[in-house]
Amino acid sequence: MKRVMLTVAYDGSAYSGWQVQPNADTIEGQLNKHLRELLGEEITVIGASRTDAGVHALCNLAVFSTNARIPAEKISYALNQRLPQDIRIQKSEEVAEDFHPRKVETRKTYEYCIYHAKFANPILEKYSYFVYVPLDLEKMEQAAEMLVGTHDFAGLSTYKPEVTNTIRTITNIQILTEHPWDKQDCELIRIRVTGNGFLYNMVRIIVGTLVAIGRGQMGIERMEQALETGNRELAGPTAPAQGLMLMQYEILDSQDVS
């Protein structure tokens, strides 16, 4: 038996998130179904990041064990012939038999895209959060700086009773801007967050709080208060799912991979 790791890219628009759910179409469900058909075995993948409904990824990881004789590196080619077009395997490789993607030291980078313009654009809106009100980027950057480091992020996440440790480390957060198609009347604002792990809805609540600060709906101090008190009600709303994408998933302890 060998252990295979898949690097998976997907457009999450049509799916109810990563994790298998009853009576719902999910990324994990699609992988399980088509791997079982391909390999003729009862396959259940283990995902690295269990993204929410509507969230996208360039590089989520999934592992599974198989007795199939097909080389690990060939599985990506065969699986892509079966998967729907909005899910594509970028790489398949053999890893250590006991490798588990959520039990090794990792660093993840998520990017949230905001589209600011007078009117919405149907192309950009599919992968971004449309905001027609001008945002004060300087205030947003000041609030974002408060997040760097190790903190208890309970006040910037959605409560889940099974999660007992809400301390996480953000190593870097950037707010980047660009003008698509060189149009000065519209702006893409990319909030890129890197850390060792993220709580449920954490990035989307951070973004929602930054947008509320940028719109002048709350002061910069509210970010600090949400961090210090753990009170979710002090933070901003949860930003829509379609603007969020898992950009990079780095395994830092390489000796545990193969």
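Atom set for the values below is all heavy atoms of this structure, side chains included, hydrogens, waters and symmetry mates excluded.
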Worksheet item: Can you list every pair that meets salt bridge (charged side-chain N to carboxylate O under 4.0 Å, His left out) and has a residue in residues 191-216, with sequence neighbours left out?
Response: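 Listed once each, the pairs are Asp52-Arg204, Glu111-Arg192.
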A side-chain contact here means heavy atoms from C-beta on lying under 4.5 Å apart; do [X] and [Y] qualify?
X      : Y      : answer
Thr51  : Tyr110 : yes
Ile189 : Ile175 : yes
Ile206 : Ile191 : no
Leu252 : Thr106 : no
Lys91  : Ser76  : no
Trp181 : Asn121 : yes

Please report the closest heavy-atom contact between [X] and [Y], naming both atoms and the distance.
X      : Y      : value
Ser92  : Val4   : CB-CG1, 4.4 Å
Phe153 : Arg168 : CE1-O, 3.3 Å
Ile170 : Leu147 : CB-O, 3.6 Å
Ile213 : Ala143 : CD1-CB, 3.7 Å
Leu234 : Arg222 : O-NE, 2.8 Å
Leu124 : Tyr115 : CD1-CE1, 3.3 Å

Fill in: Lys/Arg-Asp/Glu bridge criterion (N-O < 4.0 Å) met for Arg190, Glu178
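Here Arg190 pairs with Glu178 in a salt bridge, since their nearest N and O are under 4.0 Å apart.
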Worksheet entry | Sequence neighbours excluded, every pair satisfying side-chain hydrogen bond (donor to acceptor under 3.5 Å, both in side chains) that has a member inside residues 57-68 |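 Sorted pair list: Arg3-Ser65, Tyr10-Asn60, Glu41-Thr66.
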Can a donor-acceptor pair be found, under 3.5 Å and without considering hydrogens, that links the side chain of [X] to the backbone of [Y]?
X      : Y      : result
Arg36  : Glu42  : no
Gln142 : Ile220 : no
His56  : Gly12  : yes
Thr209 : Gly236 : yes
His179 : Cys186 : yes
Asp11  : Asp86  : no
Arg102 : Gly47  : yes

Would you compute the distance between atom [atom1] of [X] and atom [atom2] of [Y] and round it to the nearest 0.5 angstrom?
X      : Y      : atom1 : atom2 : result
Thr166 : His151 : OG1   : NE2   : 12.5 Å
Ile173 : Met140 : CD1   : CE    : 9.0 Å
Arg88  : Leu83  : CZ    : CG    : 6.5 Å
Lys108 : Met247 : NZ    : CE    : 15.5 Å
Arg82  : Ile87  : CZ    : CD1   : 14.5 Å
Tyr127 : Ser13  : OH    : OG    : 5.0 Å

Transitive ILVMFWY side-chain link [X] to [Y], under 4.5 Å:
X      : Y      : result
Val20  : Ile27  : no
Val193 : Leu227 : yes
Val45  : Val63  : no
Ile89  : Phe99  : no
Ile251 : Val8   : no

Practice prompt. Using the side-chain contact (heavy atoms from CB on, under 4.5 Å) rule, pick out the option among Leu35, Asn32, Leu31 that qualifies with Phe64.
Written response: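 When side-chain contact (heavy atoms from CB on, under 4.5 Å) is applied between Phe64 and each of Leu35, Asn32, Leu31, only Leu35 qualifies.
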Discussion item. If you count every heavy atom of other residues, nucleotides or ligands that lies below 6.0 Å from Lys139 atom NZ, does the total exceed 12?
Written reply: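 No, the 6.0 Å shell around NZ holds no more than 12 heavy atoms from other groups.
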Discussion item. Among residues at least two apart in sequence or on other chains, which ones pass ring-ring contact (aromatic ring centres under 6.0 Å, His included) with Tyr200?
Written reply: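 Checked Tyr200 against ring-ring contact (aromatic ring centres under 6.0 Å, His included); zero matches.
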Discussion item. Below 30° counts as parallel, above 60° as perpendicular, anything between as tilted: where do the rings of Tyr132 and Phe130 land?
Written reply: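 Ring orientation of Tyr132 relative to Phe130: tilted.
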Worksheet item: Where do Met223 and Leu210 land on the side-chain contact (heavy atoms from CB on, under 4.5 Å) test, with the steps shown first?
Response: CA-CA 8 Å; Met223 183 72 82; Leu210 290 175; 3.5 Å; yes
Worksheet entry | Chi angles and distances behind the side-chain contact (heavy atoms from CB on, under 4.5 Å) call for Leu61, Thr7 | CA-CA 5 Å; Leu61 303 180; Thr7 301; 3.6 Å; yes
Practice prompt. Please test Leu246 against Val55 for side-chain contact (heavy atoms from CB on, under 4.5 Å), starting from the C-alpha separation and ending with a verdict.
Written response: CA-CA 8 Å; Leu246 176 60; Val55 174; 5.9 Å; no
Discussion item. Show, in sequence, the C-alpha distance, side-chain angles and deciding distance for Tyr112 and Leu244, and conclude whether the side-chain contact (heavy atoms from CB on, under 4.5 Å) test is met.
Written reply: CA-CA 4 Å; Tyr112 195 97; Leu244 185 60; 3.8 Å; yes
Discussion item. With no hydrogens and no angle check, just 3.5 Å: does a side-chain donor-acceptor pair link Asp25 and Gln30?
Written reply: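 Side-chain D/A pair, Asp25 to Gln30: present.
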Practice prompt. Scan side-chain atoms only and decide if Thr26 and Arg50 contain a donor-acceptor pair under the 3.5 Å cut-off.
Written response: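 Per modelled atom types, Thr26 and Arg50 side chains form no pair under 3.5 Å.
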